[in-house]
Amino acid sequence: MKVLIMAAGVGSRISRHLRGQPKCCVDVNGKPLIRYTLELFKKKGISNIAIVTGYNEHYIHQSLDGFLYTRYFNPFFRVANSISSAWFAQVFLKPDDDMIIMNADVFIEEKILGLLLEETKTPLMISDSTRIEEADYRFNWENNSLKKYGKDLSNEETTGEYVGIARLNKEDLIDFREQVNEAVITEDYHCWWEDIIYRSIGQGKTVYIKDIANNFWAEVDYIEDYERIKQFVQR
């Protein structure tokens, strides 16, 4: 298993609270979130990790002093969405092993990673069915198969909130890397890396959902999200 972490973004919705740091460098019980995440993977025996940085990347590398990981830099973090980060990491996308892709600003408790590693169906995306009314990016699924997705789904259409983590097997990576390159070639710079997976549904592919209801996670988009994380780790 290998891991690709997307950490290039500015995080404009919470940036005024972060004093220039990337969101993944917020303090989590005495250590930066990105360091907590890498330690979590290391605990599960996963060491083949790549990180795509951009905005104020020196904070991230300082946070990870002592860790071995592959570095990629996305200089277009202000003008393009995460498809550009995936493109800069395309060497890492080669189909030599199964892969977890995640956004760096996501905090998950250890049990969630265990649940993800136990899954065999792919492509797989993590969601939380307990978050409906407050959901940001929304999923609708049936029998663990993704049907609809987007920020504009109504509460009635929403089955849960997307967590920011996906798992792809080696076969998935072949098409994923091809589609990442196609998006960049056609100048689809507003595309997110997740959009590549969503688009495969229209091509007849099943995208599976893992519901991690009643396990703790948070994406650091707003200061309230960060407060939730601090309350969890300090309890």
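One finds the CZ atom of Phe176 at 8.0 Å from the CG atom of Leu4 (value rounded to the nearest 0.5 Å). To the nearest 0.5 Å, atoms CZ (Phe232) and CZ (Phe107) are separated by 5.5 Å. We find the NZ-CD1 distance between Lys210 and Ile165 to be 13.0 Å, quoted to the nearest 0.5 Å. In this structure, OG on Ser85 lies 12.5 Å from CD1 on Ile5, to the nearest 0.5 angstrom. Put simply, CD on Glu224 and CD1 on Ile229 are 12.0 Å apart, with the number rounded to the nearest 0.5 Å. Distance check, rounded to the nearest 0.5 Å: CD of Glu109 to CG of Leu115 gives 9.0 Å.
Nearest heavy-atom pair, Thr122 versus Asn169, reported as atom, atom and distance to 0.1 Å: OG1-ND2, 2.8 Å. Nearest heavy-atom pair, Pro22 versus Asn56, reported as atom, atom and distance to 0.1 Å: CG-O, 3.6 Å. Between Leu153 and Arg138, the shortest heavy-atom contact is O-CD, 3.2 Å. Taking all atoms of both residues into account, the shortest heavy-atom contact from Asn214 to Asp128 is N-OD1, 4.5 Å. Of all the heavy atoms in Leu93 and Ala86, the pair that sits closest is CD1-O, 3.7 Å. Residue Cys24 comes nearest to Asp105 through the heavy atom pair CB-N, 4.4 Å, listed as atom of the first residue, atom of the second, then distance.
Placement of Trp217 and Ile132 in two distinct hydrophobic clusters is found when ILVMFWY residues are connected by side-chain heavy-atom separations under 4.5 Å, directly or transitively. Transitive grouping of hydrophobic side chains (ILVMFWY, heavy atoms separated by less than 4.5 Å) keeps Tyr162 and Leu113 in distinct clusters. Hydrophobic cluster membership differs between Trp192 and Ile101, with clusters built from Ile, Leu, Val, Met, Phe, Trp and Tyr side chains linked at under 4.5 angstrom. No path of Ile, Leu, Val, Met, Phe, Trp and Tyr side chains, each step under 4.5 Å between heavy atoms, connects Tyr226 with Tyr59, placing them in separate hydrophobic clusters. In terms of hydrophobic clustering, with Ile, Leu, Val, Met, Phe, Trp and Tyr side chains grouped at heavy-atom distances under 4.5 Å, Met99 and Ile83 are assigned to a common cluster.
With hydrogens and angles ignored, the 3.5 Å screen pairs no side-chain donor or acceptor of Asp175 with any backbone N or O of Glu171. The backbone N or O of Leu117 lies less than 3.5 Å from a partner atom in the side chain of Arg167, making a donor-acceptor pair. Side-chain N or O atoms of Asp225 include one that pairs as donor or acceptor with a backbone N or O of Tyr222 at under 3.5 Å. Ser127 places a side-chain N or O within donor-acceptor distance of the main-chain N or O of Glu161, the cut-off being under 3.5 Å. In this structure a side-chain-to-backbone donor-acceptor pair under 3.5 Å is missing from Tyr198 to Lys148. Distance alone, capped at 3.5 Å, is enough to place a donor-acceptor pair between the Ser82 side chain and the Trp193 backbone. Put simply, the side chain of Asn215 never gets that close to the backbone of Ile112: no donor and acceptor are under 3.5 Å apart. Not a single donor-acceptor pair under 3.5 Å links the side chain of Glu134 to the backbone N or O of Arg131. Remark: side-chain polar atoms of Asp211 are paired, donor with acceptor, to backbone N or O of Ser129 under 3.5 angstrom. No donor-acceptor distance shorter than 3.5 angstrom exists from the side chain of Ser145 to the backbone of Thr206, with no hydrogens or angles considered.
Applying the 6.0 Å contact sphere to NZ of Lys111 captures no more than 12 heavy atoms from other residues, nucleotides or ligands. More than 12 heavy atoms of other shown residues, nucleotides or ligands fall within 6.0 angstrom of atom NE2 in His58. At most 12 heavy atoms of other shown residues, nucleotides or ligands fall within 6.0 angstrom of atom NZ in Lys42. With a 6.0 Å radius and a threshold of 12 heavy atoms from other residues, nucleotides or ligands, Asn143 has its CG atom at or below the threshold.
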Assess whether side chain to side chain contact (heavy atoms under 4.5 Å, CB included) is satisfied between Ile108 and Phe216, documenting all intermediate values. CA-CA 6 Å; Ile108 56 172; Phe216 184 84; over 6 Å; no
Ile60 vs Cys25, side chain to side chain contact (heavy atoms under 4.5 Å, CB included): CA-CA, chis, key distance, verdict: CA-CA 6 Å; Ile60 296 174; Cys25 292; 3.8 Å; yes
Passes side chain to side chain contact (heavy atoms under 4.5 Å, CB included), Met125 versus Val207? Steps please. CA-CA 7 Å; Met125 307 190 83; Val207 173; 4.0 Å; yes
Output, in order, the C-alpha distance, side-chain angles, deciding distance and verdict of side chain to side chain contact (heavy atoms under 4.5 Å, CB included) for Val52 and Phe92. CA-CA 11 Å; Val52 187; Phe92 196 72; over 6 Å; no
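Residues Phe139 and Leu146 have side chains in contact (heavy-atom distance under 4.5 Å, counting atoms from C-beta outward). Proximity of Gln62 to Pro32: side-chain heavy atoms (C-beta onward) are nowhere separated by under 4.5 Å. The shortest distance between side-chain heavy atoms of Lys151 and Asp136 falls below 4.5 Å. Under the 4.5 Å side-chain criterion, counting only non-hydrogen atoms from C-beta, Arg71 is not in contact with Phe73. In this structure the side chain of Thr37 never reaches within 4.5 angstrom of the side chain of Val3, judged on heavy atoms. In this structure the side chain of Leu168 reaches within 4.5 angstrom of the side chain of Ile197, judged on heavy atoms. For the pair Val26 and Gln21, the minimum side-chain heavy-atom distance is 4.5 Å or more. Within the 4.5 Å cutoff, the side chain of Ser200 has no heavy atoms near those of the Gln179 side chain.
Of the charged side-chain nitrogens involved, none lies within less than 4.0 Å of a carboxylate oxygen, so that Lys23 and Glu219 do not count as a salt-bridged pair. A salt bridge links Arg35 to Glu39: at least one charged side-chain nitrogen sits closer than 4.0 Å to a carboxylate oxygen.
Side-chain contact, Glu57 with His61: a donor N or O sits under 3.5 Å from an acceptor N or O. For the residue pair Glu194 and Tyr137, no side-chain donor N or O sits within less than 3.5 Å of a side-chain acceptor on the partner.
Of the candidates Asp97, Thr70, Asp96, Asp98, Lys2 forms a side chain to side chain donor-acceptor pair (under 3.5 Å) with just one, namely Asp96.
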